[in-house]
Amino acid sequence: MTVEPQPADKRMRLRYAGACRLCGASLPAGTDAIYEREFKTVSCVECSATPVESDTGVAGASARREHERRKNASEHRIRTNHPKLGGLILALTEDPESTEAWQRGAIGEERLAEWLNELPETLRVLHDRRIPGTRANIDHIVVSPSGVWVIDAKRYKGQRPSLHVEGGIFRPRVETLRVAGRDKTKLVNGVHSQITRVTAALPDGNVDVHGALCFVKADWPLIGGSVPGGACPANLRSRRRYRFAHLSACDLRAVFCG
């Protein structure tokens with residue numbers, strides 16, 4: 001038996017095992033299935049008469065949830081410890097830097113998503129993908145003719161990323177990523193970890209998986225500097241070496257479309 005999916009139905013990867021509402025087939029965790037909002041259950045992809053829209057995710061959603069969780073927890077703690085003066089304390093103090101960082105991160109992901117969503121429809125763009133078994137996520141994934149791109153968005157407003165190189169002649173060459181003079185090489189290592197996870201999840205080992213660390217609203221030199229001037233910055237690392245590029249919307253299309 002087949003049914004036409006309702007507009008609210010969507011295709012998604014199951015986080016928990018279930019069974020098809022229509023045919024009763026077992027659906028293990030990790031299986032693609034159709035979530036039926038009307039019945040609050042799932043059905044096989046094969047049992048659907050027409051294709052349904054996959055869940056592409058919402059950019060910055062995880063970061064915004066974490067920001068709200070921290071903000072609400074802080075407000076609850078202050079009001080509990082200071083029943084009479086809690087409201088005044090909240091009005092006169094700002095949220096901790098660790099809390100505001102999550103909001104800035106969400107804004108960066110949303111801004112980059114606006115660019116990515118303008119890419120040709122032949123490309124598949126996914127946002128805010130949870131990494132199984134962890135609390136971490138991948139900001140953006142682009143499936144393109146040039147391969148799968150894992151993209152991490154960072155919003156360092158008014159701060160300048162740069163490539164710092166030491167050694168190279170008598171000592172081993174060591175490259176580090178600096179943002180406003182601070183060592184941020186761990187951001188690149190994080191992207192490589194995401195590349196490894198995505199590569200392991202692909203059924204075809206011959207698919208190329210690339211990584212990009214994109215800086216939103218960073219400070220870029222008009223002339224000179226380790227990164228050329230342009231409209232939208234991106235830091236790419238390939239084959240364990242850095243490649244810097246300052247990309248426009250047209251450049252993004254060229255990168256992903258090959």
Side-chain angles (χ1 to χ4, degrees), residues 15 56-117 125-141 149-164 175-198 211-220 226-227 232-237 242 244:
R15 294 181 61 185
T56 59
V58 178
S62 294
R64 287 210 173 273
R65 285 195 298 269
E66 181 62 18
H67 171 257
E68 289 300 320
R69 186 190 69 80
R70 289 171 175 252
K71 184 180 180 68
N72 293 337
S74 176
E75 179 177 346
H76 176 74
R77 183 171 59 253
I78 291 175
R79 291 187 182 277
T80 299
N81 295 337
H82 307 278
K84 296 182 178 180
L85 299 177
L88 179 61
I89 294 174
L90 291 170
L92 297 179
T93 58
E94 297 181 352
D95 291 328
E97 171 64 21
S98 58
T99 299
E100 288 302 301
W102 287 97
Q103 184 178 40
R104 291 196 300 270
I107 294 174
E109 293 180 38
E110 291 164 354
R111 293 291 298 274
L112 182 56
E114 293 176 0
W115 285 62
L116 296 176
N117 289 337
V125 182
L126 305 174
H127 306 292
D128 197 40
R129 316 311 291 184
R130 176 68 63 85
I131 299 177
T134 74
R135 298 182 61 184
N137 75 306
I138 298 176
D139 293 345
H140 313 279
I141 296 177
W149 288 81
V150 177
I151 305 173
D152 196 9
K154 296 299 177 184
R155 186 172 182 262
Y156 287 101
K157 187 175 182 179
Q159 301 182 51
R160 178 167 299 181
S162 62
L163 173 63
H164 184 75
E175 298 178 345
T176 57
L177 170 65
R178 303 290 178 91
V179 179
R182 296 187 294 274
D183 189 346
K184 294 293 183 178
T185 308
K186 64 180 182 180
L187 300 178
V188 180
N189 296 334
V191 173
H192 274 281
S193 175
Q194 295 177 6
I195 292 173
T196 300
R197 290 179 178 274
V198 171
L213 181 60
C214 296
F215 294 97
V216 181
K217 301 296 262 185
D219 174 34
W220 299 96
S226 59
V227 182
C232 177
N235 171 27
L236 310 179
R237 190 184 186 193
Y242 291 101
F244 281 89

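Each residue takes its place number in the sequence, starting with 1.
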Practice item. Give the C-alpha distance, both sets of side-chain angles, the deciding distance and a yes or no for side chain to side chain contact (heavy atoms under 4.5 Å, CB included) between Asp183 and Arg178. Key: CA-CA 5 Å; Asp183 189 346; Arg178 303 290 178 91; 4.1 Å; yes
List for me each residue that meets side-chain hydrogen bond (donor to acceptor under 3.5 Å, both in side chains) alongside [X], sequence neighbours excluded, and say none if there are none.
| X | value |
| --- | --- |
| Arg79 | Glu75 |
| His140 | His127 |
| Arg135 | none |

Between [Y] and [X], is there a side-chain heavy-atom distance shorter than 4.5 Å?
| X | Y | result |
| --- | --- | --- |
| Val125 | Asn117 | yes |
| Val216 | Lys154 | no |
| Asp139 | Ile151 | no |
| Tyr156 | Leu187 | yes |
| Arg111 | Ile107 | yes |

Point to revise | side-chain hydrogen bond (donor to acceptor under 3.5 Å, both in side chains): pairs with one or both residues in residues 58-67, sequence neighbours excluded | key: Ser62-Arg65, Ser62-Asp128, Arg64-Glu110, Glu66-Arg69, Glu66-Arg70
Exercise for review: Keeping to residues at least two apart or across chains, list the side-chain hydrogen bond (donor to acceptor under 3.5 Å, both in side chains) pairs with something in residues 88-101.
Suggested key: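 The answer is Lys71-Asp95, Glu97-Arg104.
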Point to revise | By side chain to side chain contact (heavy atoms under 4.5 Å, CB included) - contacts of Arg77 (at least two apart) | key: Ser74, Asn81
Check your understanding: If every non-hydrogen atom of Ala59 is compared with every non-hydrogen atom of Ala113, which pair is closest and at what distance?
Key -> CB-CB, 3.4 Å
Practice item. Might you point out which heavy atoms bring Gly60 and Glu109 nearest each other, and give the distance in Å? Key: N-OE1, 3.1 Å
**Study point:** Spacing of Leu112 atom CG and Asp152 atom CG [to the nearest 0.5 Å]
**Key:** 9.5 Å
Review point. Backbone N or O of Asn189 within a donor-acceptor pair of the Ser193 side chain at under 3.5 Å?
Key: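 No.
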